[in-house]
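Letters go in sequence order (proteins before strands), and every chain restarts at 1. What you see is a predicted model; the values in this text were computed from it and never measured.
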Amino acid sequence: MEGENPPIQDIQPWKAIDTVYTNEKAGMDSVDKDLIKRVIYEASKDSNFFKKDEEKRKQTNERIARLKEKLAKVTEDEMKRYHATVRDSIRSAERERHLSRIWIHVDMDAFFASVEELDDPSLKSVPMAVGSIGMISTANYIARRFGVRSAMPGFIGKQLCPQLALVKPNFRRYKEKSEETKEVFRIFDPDFESGGLDEAYLDCTAFASVHGISGEEIAEQIRNLVMEKTKLTCSCGVACNKMLAKICSDKNKPNGQFFLSPNIAAIKAFVKDLPVRKIPGVGCVTEQLLNGFGINTCGDVIKNAHVIAAVFTPLTLSFLLTSSLGISTAFHGKKPAPGELSRKGISCEHTFTAKEDENTLLQMVGSLAHELSAAMASESIEGLTVTVKLKLSDFTVRTRSLTLLSPISDPESISRIASKMLRKEFPVKLRLLGIRMSGLSPIANANGKPKGNSKGS
DNA sequence: GCTGGAAGGACCC
DNA sequence: CGCCAGGGTCCTTCCAAC
């Protein structure tokens with residue numbers, strides 16, 4: 001490699017890759033990002049995963065090309081109408097702008113890893129990640145300095161940081177700690193909405209007015225009480241709606257808080273240069289699509305909204321526009337009505353080294369069916385639709401579903417139906433099998449009390 | 001034209 | 001040596017039956 005003089009892309013292909021791992025994240029300031037990219041590239045370049053990923057990126061680029069053709073064919077008249085659509089869309093979004101609510105988004109810092117450090121303080125001084133060789137769910141801040149991060153497979157983490165300690169996740173323990181945080185959240189908002197084990201949205205408007213204190217003061221109290229209760233740190237975002245609060249909670253992570261003043265000027269300034277990727281709901285693909293049209297920030301979204309209108313669905317337009325204006329929900333959503341289930345589906349799936357033996361696979365479906373059935377039994381629910389999920393050895397995903405005439409939950413029925421659907425796919429080489437039940441209803445059981453229905457948090 | 005099921009995807013933690 | 005999760009939600013598109 002040294003002697004020749006190939007184009008720069010050929011000699012440093014890792015510079016071009018920009019995977020999910022390499023974007024900014026707290027704790028990554030002093031890293032050699034180039035080195036990290038290179039190690040990740042070297043570790044994955046020959047894998048099926050990487051091939052699939054490249055293929056997806058290519059397809060998205062082709063999609064961009066098609067959309068650009070479509071855009072080129074838009075007449076002036078049509079474009080005028082898109083501008084009008086945008087004006088309407090902005091007007092109706094502005095009607096949903098509420099500045100008088102106080103939302104706090106609480107985000108536990110490196111939650112799983114911090115819980116492990118709490119239980120074993122020796123982990124505090126070493127690079128450590130919770131997860132397995134297959135996948136990391138959280139890395140502590142020391143490990144992050146090496147480029148180790150969540151959603152990265154452990155073996156890559158090990159290459160970035162050979163001393164990395166991998167700790168097996170203990171979800172029961174995280175759930176316990178999560179419950180402790182919830183006790184704190186309830187003080188400030190009995191109806192708080194939880195977003196997983198490690199984060200929550202609190203509408204603190206009422207608490208603020210009753211106690212005559214500011215959102216920032218409340219955030220201080222929350223952080224102090226969470227620390228007292230759990231011995232863990234968290235970060236808070238204080239803003240006038242849920243989305244802004246969430247973005248703010250990331251600003252001064254870890255163990256910090258950020259307050260966004262509830263006035264239009266401050267919000268506009270905040271949002272102007274905000275990368276679209278920061279909008280919760282905009283992931284890698286949408287980012288790539290938007291970037292393809294030269295749209296990188298929320299400010300760009302507003303400026304080029306007519307292009308978005310011409311090229312994406314109305315729903316996408318209104319979502320992007322609303323978010324980019326710094327507008328989002330400022331009130332709690334309605335809770336599921338009594339008797340209504342809070343969950344829509346229940347599933348279990350497992351990854352394994354690729355297999356094609358039909359009997360082995362059928363046996364695995366059987367055991368999945370039992371697992372799933374047990375999970376359903378513990379919530380006294382049954383379901384109408386069975387969906388089998390297959391991931392082929394090349395990472396292609398297939399789902400096959402069947403809706404029945406009457407709901408089931410027993411392992412034999414689930415197994416029978418799932419097996420039948422799986423058989424139709426043979427021959428296949430699979431790396432993952434999963435079963436999901438949806439169309440759920442509580443089991444009308446004579447003696448059993450219907451537990452686990454309604455009420456999400 | 002609407003509705004409901006099936007399949008595929010994007011996204012979140 | 002090879003190793004890239006598992007639990008969800010929601011949206012879009014297609015197609016068939018009303």
Assert: residue with more 5' nearest nucleotide on DNA chain B, out of A:Arg398 and A:Gly283, is A:Arg398
Counting side-chain heavy atoms from C-beta on, which of [options] comes nearest to [X]?
X	options	value
A:Thr399	B:dA7, C:dG8, B:dA10	B:dA7
A:Leu432	B:dC11, C:dC3, C:dG6	C:dG6
A:Ile133	C:dC3, C:dT9, B:dC13	C:dC3
A:Thr403	B:dA6, B:dA7, B:dC13	B:dA6
A:Met135	B:dA6, C:dC10, C:dA5	C:dA5
A:Leu315	B:dC11, B:dC13, C:dC11	C:dC11
A:Lys391	C:dA5, B:dA6, B:dC13	C:dA5
A:Lys246	C:dC3, C:dT9, B:dC12	B:dC12
A:Arg277	B:dA10, B:dG8, B:dC12	B:dC12
A:Leu402	B:dA6, B:dC11, B:dC13	B:dA6

Please say which of A:Thr181, A:Asp198, A:Val115 ends up in a side chain to side chain contact (heavy atoms under 4.5 Å, CB included) with A:Leu232.
-> A:Val115
Rounded to whole angstrom units, what separation is found between the [atom1] atom of [X] and the [atom2] atom of [N]?
X	N	atom1	atom2	answer
A:Glu193	C:dG8	CD	C1'	16 Å
A:Lys158	C:dG2	NZ	P	18 Å
A:Glu379	C:dG7	CD	C1'	12 Å
A:Asp198	B:dC12	CG	P	14 Å
A:Leu405	B:dG5	CG	P	11 Å
A:Asp107	B:dC12	CG	P	13 Å
A:Phe312	C:dT12	CZ	P	12 Å
A:Ile156	C:dC1	CD1	P	17 Å

OP1, OP2 of [N] versus side-chain N and O of [X]: anything below 4.0 Å?
X	N	value
A:Ser132	C:dA5	no
A:Thr385	B:dG5	no
A:Lys344	C:dC10	yes
A:Thr286	B:dC11	yes
A:Arg63	C:dT12	no
A:Arg343	C:dT9	no
A:Arg400	B:dG8	yes

Hunt down the Watson-Crick or G-U wobble partner of [N], both distances under 3.5 Å, from any strand shown, or write none.
N	value
B:dA7	C:dT12
C:dA5	none
B:dG1	C:dC18

Compare every heavy atom of A:Ala43 with every heavy atom of A:Ile156, then report the nearest pair and how far apart it is.
->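 Closest pair (atom of A:Ile156, atom of A:Ala43, distance): CG1-CB, 3.8 Å.
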Identify, between A:Pro314 and A:Ile346, the residue whose nearest nucleotide on DNA chain C lies closer to the 5' end.
->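 Going by which nucleotide is closer to the 5' end, it is A:Ile346.
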When you match A:Arg436 and A:Thr316 each to their closest nucleotide on DNA chain C, which lands nearer the 5' end?
-> A:Arg436
Mutual orientation of the aromatic rings belonging to A:Tyr201 and A:His105 [parallel < 30°, tilted 30-60°, perpendicular > 60°] =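 A:Tyr201 and A:His105: tilted rings.
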So, [X] versus [Y]: side-chain donor-acceptor pair below 3.5 Å or not?
X	Y	answer
A:Asp88	A:Thr85	no
A:Glu116	A:Asn170	no
A:Thr316	A:Thr313	yes

Apply the test side-chain hydrogen bond (donor to acceptor under 3.5 Å, both in side chains) to residues A:Asp109 and A:Ser235: give CA-CA distance (whole Å), side-chain angles for both, the deciding distance (0.1 Å), then the verdict.
-> CA-CA 7 Å; A:Asp109 301 324; A:Ser235 299; 2.8 Å; yes
Can you tell me if CZ on A:Arg63 sees more than 12 non-hydrogen neighbours from other groups inside 6.0 Å?
->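 Counting other residues, nucleotides and ligands, CZ of A:Arg63 stays at 12 neighbours or fewer.
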NA contact type, A:Gly131, heavy-atom cut-off 4.0 Å: base, sugar-phosphate, or nothing?
->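 Result for A:Gly131 = nothing.
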Under 4.0 Å between any heavy atoms, over every strand shown, what does A:Gly434 touch: base, sugar-phosphate, or nothing? Just pick one.
->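 Nothing, no heavy atom under 4.0 Å.
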Rounded to whole angstrom, note down the C1' distance from B:dG1 over to C:dC14.
->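 Looking at atom C1' only, B:dG1 and C:dC14 are 16 Å apart.
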